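Take a look at the structure set out below.
Here is how names work: the chains are called A, B, and so on, in the same order as the sequence lines, proteins then strands, and each is numbered from 1. All of these numbers come straight from a predicted model, not from anything done at the bench.
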Number of protein chains: 2
Amino acid sequence: MKKVRLADVAKVAGVSMKTVSNVVHDYPHVTPEMRRKVQLAIDELGYKPNLTARRLATGRTGMIAFAIPEIDHPYFSELSRYIAEEASLRGYRVLVEQTLNSLSAEQAVLNDREAGLVDGVIFHPVRMQALDIAMLRRDVPLVLLGESTMPVTADHVMIDNVAAARDGVRHLLGQGRRRIAFLGLVAGDITGSTDQRLLGYQQGLVEANLPLDPQLVFSAPDFSPEAGAEAVRRALDSGIRFDGMICRDDRFATGALHALRGAGVNVPEDVAVIGWDDTELGRWATPRLTSISPDKRELAATALEMLGERIGGLQGIGRHRIASHSLSIRESAPAGASVLL
Amino acid sequence: MKKVRLADVAKVAGVSMKTVSNVVHDYPHVTPEMRRKVQLAIDELGYKPNLTARRLATGRTGMIAFAIPEIDHPYFSELSRYIAEEASLRGYRVLVEQTLNSLSAEQAVLNDREAGLVDGVIFHPVRMQALDIAMLRRDVPLVLLGESTMPVTADHVMIDNVAAARDGVRHLLGQGRRRIAFLGLVAGDITGSTDQRLLGYQQGLVEANLPLDPQLVFSAPDFSPEAGAEAVRRALDSGIRFDGMICRDDRFATGALHALRGAGVNVPEDVAVIGWDDTELGRWATPRLTSISPDKRELAATALEMLGERIGGLQGIGRHRIASHSLSIRESAPAGASVLL
DNA sequence: GATCCAACTTACAGCGCTGTAAACAAGCTG
DNA sequence: CAGCTTGTTTACAGCGCTGTAAGTTGGATC
């Protein structure tokens, strides 16, 4: 079975190529009779338009790239789902590009040896910084995600991390917690995520006239649950006391829950724990994890919205949008006063 | 900044388009001097080849589609990661297609949606059956994943689900468990996954001369952890007794762990639990979940291997490959004799 | 120095589709 | 019924690249 081309259909139907094209695209000014005749030929030959050729002719690919560190990180896989859904709603297909936390892979996303592959890019960097991004960025429409410092030239969506962290702290304070820890700093992390969350955490404490105890800020060697668990274990071993904890992400929080239980510390009775990202991992942790919940669908929708406008030709300085967040309250830091009180 | 074309570079370098193309492709028979001259022009103009045009000319897209039910399902997101990595190793980019368990979306995968877009498709169906697939399938290279009955015309990779389930049962038997339950059947599930796993479970019991008690096969309304928890709760409420459980996937198992703890049943002391898929969700459940572990990397590598051969022109009947599996033993069903004994 | 060969380079015809401009048809108007 | 419209269809030139076949060059060979 040879490939069927537009020209073949045209010949069989006895019309011009363009008329066939018009039928394929449901162009309104085609007489019903002509449409019928062409459709018949299409069905008979089993014609399928060749998308590559269409792209070359139109210059539009109908595809966007979604570049993230790891596709199987719970936050990114959940976000991917919304990106895929929102993209599909707008007629785009999604090419997922996994950077695996490598600088060169991130650079490749922007630099891309090849052009014309996608109409636009949604990019969550973790290694590149504002300046690198600004320098390397080509004229492909671009929307950035995440909390790195971002160049003013590109659009950007994020949640208000400082406010969200503060919300988390307030929730713990409302339960009567007074020694609240933060997990975790990671050496070499140049994204602003941790910094902003830490800042919000500190603001929350300061608001309540509580001291900032550096001992209560835990570091971890990497972003795995193991690392989070290890950090908490070390803190407990050093005799550091705390009754609340806010974690940089659900993976850390999940590890923390394991470490706490391992040490005989009860959650939430002895220590209330809040995670971040509101992922399935945390929803089914034990106890179920209270977590700061970025509105992932809104994040995805906003990114696609802005990207669509850029693809449509919108020029001008980068826009900065804040998506909403909330606190998903579950067992690890329930609502109401703590049992401690 | 206008788009730079091959012809522009050729003009600046004072050579033919084809020579520029040869330089871009590192074609060996180009004199160093010529190469230098051309490279200079490329750098000066900032030329990037247009992939769409290249594709139209060569007929190869360098992309494959990976069609799965849900991108944020832990098993599929982890598998996606390996698919992305293995694809990248072989010079392919991956277009992720989310079918959201919809029949029409699955049909679209095989039907026209991908015409000329991708060189091949890796597809994990959950709604389509062998016949539908055989009927709809176009001549795009195709590799199937999963346990649905598959048409003989297409390549297929899976693990030996029956053997894997048997292995799980044997593990529980080795701990002295005798009343082993299976979670869970789902109405409307037409994939063979559950059936095969159930069969292996039954074989394992029969091997040990244990009776097959239909009460010990739990049904759930859908595939969520909630549904798994609910199924277990119902069983406990009905007074059904069991000391071991093998779950159709980690989501069910995670839900089951919650239900058991909620009922005051200790895992693994009272009931040992085995999940399936060996996902991060289970690895960080409490207790950490013992899980049947399909070798996801091997699955991905094999699928890409076979797809590559098909793209290379290999004809002939569908090949059926089995990837390996193992049991990841953790706290929920540890090794060694049970504390019950 | 004529001949041949290998190594390199070029010209150009597609790949399959769409946008444009021009052609044609049919219905109205005066 | 010529002259306009409006509506419908057509012809064809690209989109940017690569494969092919036909050149060109420089050196080795006799």
- request: Before giving the answer on salt bridge (charged side-chain N to carboxylate O under 4.0 Å, His left out), spell out for Glu305(B) and Arg321(B) the whole-Å C-alpha distance, their side-chain angles and the decisive distance to 0.1 Å.
  value: CA-CA 11 Å; Glu305(B) 191 75 36; Arg321(B) 291 254 229 281; over 6 Å; no
field: Salt-bridge present (Arg5(B), Asp8(B); N to O < 4.0 Å)
entry: yes
message: Any carboxylate oxygen within less than 4.0 angstrom of a Lys/Arg side-chain nitrogen, looking at Arg127(A) and Glu106(A)?
response: no
- line: Residue set satisfying ring-ring contact (aromatic ring centres under 6.0 Å, His included) with His320(B), at least two apart, ordered chain then number -> His156(B)
Leu304(A) vs Ile122(A) side-chain heavy atoms within contact, under 4.5 Å: yes
statement: CD1 of Ile68(B) to CG of Leu145(B), rounded to nearest 0.5 Å, is 10.0 Å
task: For Asn111(B) and Lys48(A), test the side chains for any donor-to-acceptor distance below 3.5 angstrom and give the result as yes or no.
output: yes
message: It should be established whether Thr31(A) places a side-chain nitrogen or oxygen under 4.0 Å from OP1 or OP2 of nucleotide dT9(D).
response: yes
message: At under 4.0 Å between heavy atoms, how does the protein contact nucleotides 10-25 of chain D? Give one character per nucleotide, 5' to 3', with B, S or -.
response: BB--BBBBBB------
field: Pairing annotation in dot-bracket form, given for DNA chain D with Watson-Crick or G-U pairs under 3.5 Å and | for cross-strand partners
entry: ||||||||||||||||||||||||||||||
query: When the distance from NZ of Lys37(A) to C1' of dT9(D) is rounded to whole Å, what number comes out?
result: 11 Å
message: Any donor-acceptor pair under 3.5 Å linking the side-chain atoms of Ser80(B) with those of Ser77(B)?
response: no
Interatomic distance where CD belongs to Glu33(B) and P belongs to dC8(C) [whole Å]: 13 Å
